[in-house]
Amino acid sequence: MKSFWKNSDEVSSRLASAPGLLVTLDFDGTLAALAEAPGQARLKPEFKAALKDLTASPGVSVFILSGRALKSVRRLVGLKNLYYGGNHGIEIKGPGFAWRDAGAVKAKNLVAGIAADTRERFPPGTGVLVENKVFSASVHYRNLKAAYRRGFFSRMKALMSARSATIHWRIGHKVFELLPRGAAHKGDALKRLAKWLDSPFTMAVGDDLTDEDMFKSLSGCGITVRVGRKAGSKAGFWLSGQSEVLRLLRLIAAVRRQRGNDDDSQ
């Protein structure tokens, strides 16, 4: 991985030369700072303004691709004319396009049952938050109380070791993610939307394990940026922290505006 800002001239040149550009962004930890609980996350006004500006830039499509349910991430961002992906890419919706993974729909009752059982074992007083997102579920333990720590991890170990042809677990930032096996991930979602948009040049920005699927899908054919430097990441570039994403959004918009001005002057 290379420092983004030490190589921003190279990246800007690639962004400027592309006829069309798809900018794909994670939400939690990327557009918004990580919160103690999912319901506390907020998109700051300056980030919202930068997204709006970027969406209006020449030849740019913006795709917010989150582990949250589609309805949740659309509400938090609150902007039209963007593409939104929920449940790590299981569902996508935007101008003229809507898609949902059929296999994940079939697994939603099983996901709901496991989520309900886990919530019953670890109610809110334990510091565990179980989030049923219809097509996937999240078990957040950022606020796990010490008295329940041993029982919680023992339970999660048992759930993750159980073999299933229908569902599987992934680990993220202080969260265990329950997902339908074989369902679309973020890399699949990015490629699906890019194909529908007639394969524009693509840039992906994220901070978590599930974002590595985006980075892998763009290996050698796009720009990938990780928020936070991490050994072993498939991203080509890194930013030192979430606050730098705002500067990045403004840079992309400025580069694309300049391209538009240059095209108009010819």
Next item on the list: Go through Y84 and E91 one step at a time and tell me if the side-chain contact (heavy atoms from CB on, under 4.5 Å) criterion holds.
Entry: CA-CA 8 Å; Y84 292 94; E91 46 184 348; over 6 Å; no
Next item on the list: With salt bridge (charged side-chain N to carboxylate O under 4.0 Å, His left out) as the test, would you mind laying out the steps for R14 and D9 before giving the verdict?
Entry: CA-CA 9 Å; R14 295 174 69 187; D9 288 345; over 6 Å; no
Notebook entry, point to check: Okay, side chain of D208, backbone of T210: is any donor-acceptor separation there less than 3.5 Å?
Noted result: no
Checklist line | Check: V105 and R100 side chains under 4.5 Å, non-hydrogen atoms | finding: yes
All N/O donor-acceptor pairs, side-chain side in residues 154-161, below 3.5 Å, sequence neighbours left out:
unit_1	atom_1	unit_2	atom_2	d
R155	NH2	D117	OD2	2.6
S161	OG	K157	O	3.1
S161	OG	A158	O	3.0

Check: For K234 and T224, what are the C-alpha separation, side-chain angles and deciding distance, and is it a side-chain hydrogen bond (donor to acceptor under 3.5 Å, both in side chains)?
Finding: CA-CA 8 Å; K234 298 299 182 183; T224 51; over 6 Å; no
Margin query: Rounded at 0.5 Å granularity, tell me how far OG1 in T166 sits from NE2 in H168.
Written below: 11.0 Å
Next item on the list: Output every pair passing ring pair (Phe, Tyr, Trp, His ring centres under 6.0 Å) with a member in residues 191-234, not counting sequence neighbours, ordered by first then second residue.
Entry: F97-W196
Margin query: For a 4.5 angstrom cut-off between non-hydrogen side-chain atoms, does L70 reach K93?
Written below: yes
Note to self: Parallel, tilted or perpendicular: which one describes the rings of F63 and Y83, with boundaries at 30° and 60°?
What the structure shows: perpendicular
Check: Is there a path of hydrophobic side-chain contacts, each under 4.5 Å between heavy atoms of I, L, V, M, F, W or Y residues, that connects V255 with L248?
Finding: yes
Item checked: Result of checking F152, Y148, Y141 against F122 for ring pair (Phe, Tyr, Trp, His ring centres under 6.0 Å) -> F152
Check: How would you list, by chain and number, every residue that makes a side chain to side chain donor-acceptor pair (under 3.5 Å) with D101, sequence neighbours excluded?
Finding: none
Check: Tell me, do N143 and E36 make a side-chain contact under 4.5 Å, heavy atoms counted?
Finding: yes
Which donor-acceptor pairs under 3.5 Å do side chains of residues 107-115 form with protein atoms, sequence neighbours excluded?
none

Next item on the list: With the side chain counted from C-beta on, respond yes when F176 and F153 share a heavy-atom pair under 4.5 Å apart, and no when they do not.
Entry: yes
Notebook entry, point to check: If Ile, Leu, Val, Met, Phe, Trp and Tyr residues are connected whenever their side-chain heavy atoms lie under 4.5 Å apart, and connections chain through other members, are L239 and F47 in the same group?
Noted result: yes
Item checked: Backbone of L15 reached by a side-chain donor or acceptor of R256 within 3.5 Å -> yes
Notebook entry, point to check: When you measure from the side chain of H140 to the backbone N and O of R142, does any donor-acceptor pair fall under 3.5 Å?
Noted result: no
Notebook entry, point to check: Does K48 use its side chain to pair, donor to acceptor, with the backbone of L43 at less than 3.5 Å?
Noted result: no
Note to self: As an exercise, state the distance from CZ of R192 to CG of D188, rounded to the nearest 0.5 Å.
What the structure shows: 7.0 Å
Item checked: Any V139 side-chain heavy atom under 4.5 Å of V175 side chain -> no
Checklist line | CE-CZ distance between M1 and F237, expressed to the nearest 0.5 angstrom | finding: 10.0 Å
Next item on the list: Indicate the atoms forming the closest heavy-atom contact of P123 with E120, along with that distance.
Entry: CD-O, 3.7 Å
Note to self: One pair to check against side-chain contact (heavy atoms from CB on, under 4.5 Å): W5 and E244. What are the steps and the verdict?
What the structure shows: CA-CA 10 Å; W5 296 115; E244 289 195 1; 2.7 Å; yes
Next item on the list: Walk me through it: do L209 and R170 pass the test side-chain contact (heavy atoms from CB on, under 4.5 Å)?
Entry: CA-CA 9 Å; L209 178 63; R170 292 184 69 164; 3.9 Å; yes
Check: Taking everything shown except R181 itself, do over 12 heavy atoms lie less than 6.0 Å from its CZ?
Finding: yes
Next item on the list: Verify side-chain hydrogen bond (donor to acceptor under 3.5 Å, both in side chains) between S233 and E212, making sure each step is shown before the conclusion.
Entry: CA-CA 7 Å; S233 174; E212 292 294 326; 2.7 Å; yes
Check: Which atom pair, heavy atoms only, marks the closest approach of I90 to A184?
Finding: CG1-O, 3.7 Å
Check: Would I171 and E177 count as a side-chain contact (heavy atoms from CB on, under 4.5 Å) if you check the C-alpha gap in whole Å, the side-chain angles of each, and the deciding distance to 0.1 Å?
Finding: CA-CA 6 Å; I171 300 173; E177 300 274 5; over 6 Å; no
Next item on the list: Spell out, as yes or no, whether a donor-acceptor pair under 3.5 Å connects the side chain of Q242 to the backbone of L31.
Entry: yes
Next item on the list: Could you tell me the separation between the CG atom of L79 and the NZ atom of K52, rounded to the nearest 0.5 Å?
Entry: 7.0 Å
Next item on the list: Looking only at non-hydrogen atoms, find the nearest pair between P200 and A194 and report the distance.
Entry: CD-O, 3.3 Å
Notebook entry, point to check: Would you say Q40 has more than 12 foreign heavy atoms packed within less than 6.0 Å of its CD?
Noted result: yes
Check: Nearest 0.5 Å, what's the CD1-OG1 distance between I64 and T24?
Finding: 8.5 Å
Item checked: Hphob cluster co-occupancy, V73 + L249, side-chain heavy atoms under 4.5 angstrom -> yes
Next item on the list: List for me each residue that meets side-chain contact (heavy atoms from CB on, under 4.5 Å) alongside T30, sequence neighbours excluded, and say none if there are none.
Entry: D26, V205, D207, V227, V245
Margin query: Quick check: closest heavy atoms across L251 and S8, and the distance to 0.1 Å?
Written below: CD2-CB, 4.5 Å
Check: Are L193 and L190 connected in the hydrophobic side-chain network, where two residues link if heavy atoms are under 4.5 Å apart?
Finding: yes
Check: Between S136 (side chain) and K133 (backbone), is there a donor-acceptor pair under 3.5 Å?
Finding: no
Checklist line | Selection residues 53-79 - residue pairs positive for side-chain hydrogen bond (donor to acceptor under 3.5 Å, both in side chains), sequence neighbours left out | finding: D28-R68, D53-R257, R68-S72
Check: If Ile, Leu, Val, Met, Phe, Trp and Tyr residues are connected whenever their side-chain heavy atoms lie under 4.5 Å apart, and connections chain through other members, are L178 and V128 in the same group?
Finding: yes
Next item on the list: Would you give the length of the straight line joining atom CG of L54 to atom CG of L21, rounded to the nearest 0.5 angstrom?
Entry: 7.5 Å
Check: If you look at every heavy atom in I223 and V225, which pair is closest and at what distance?
Finding: CG2-CG2, 4.1 Å
Note to self: Can a donor-acceptor pair be found, under 3.5 Å and without considering hydrogens, that links the side chain of S17 to the backbone of S13?
What the structure shows: yes
Note to self: Determine whether a donor-acceptor pair (N or O, by modelled atom type, separation under 3.5 Å) exists between the side chain of R226 and the backbone of G228.
What the structure shows: yes
Checklist line | Closest contact, heavy atoms only, A69 versus N87 | finding: CA-ND2, 3.9 Å
Check: Got a salt bridge between D211 and K186, using NZ or NE/NH1/NH2 to carboxylate O under 4.0 Å?
Finding: yes
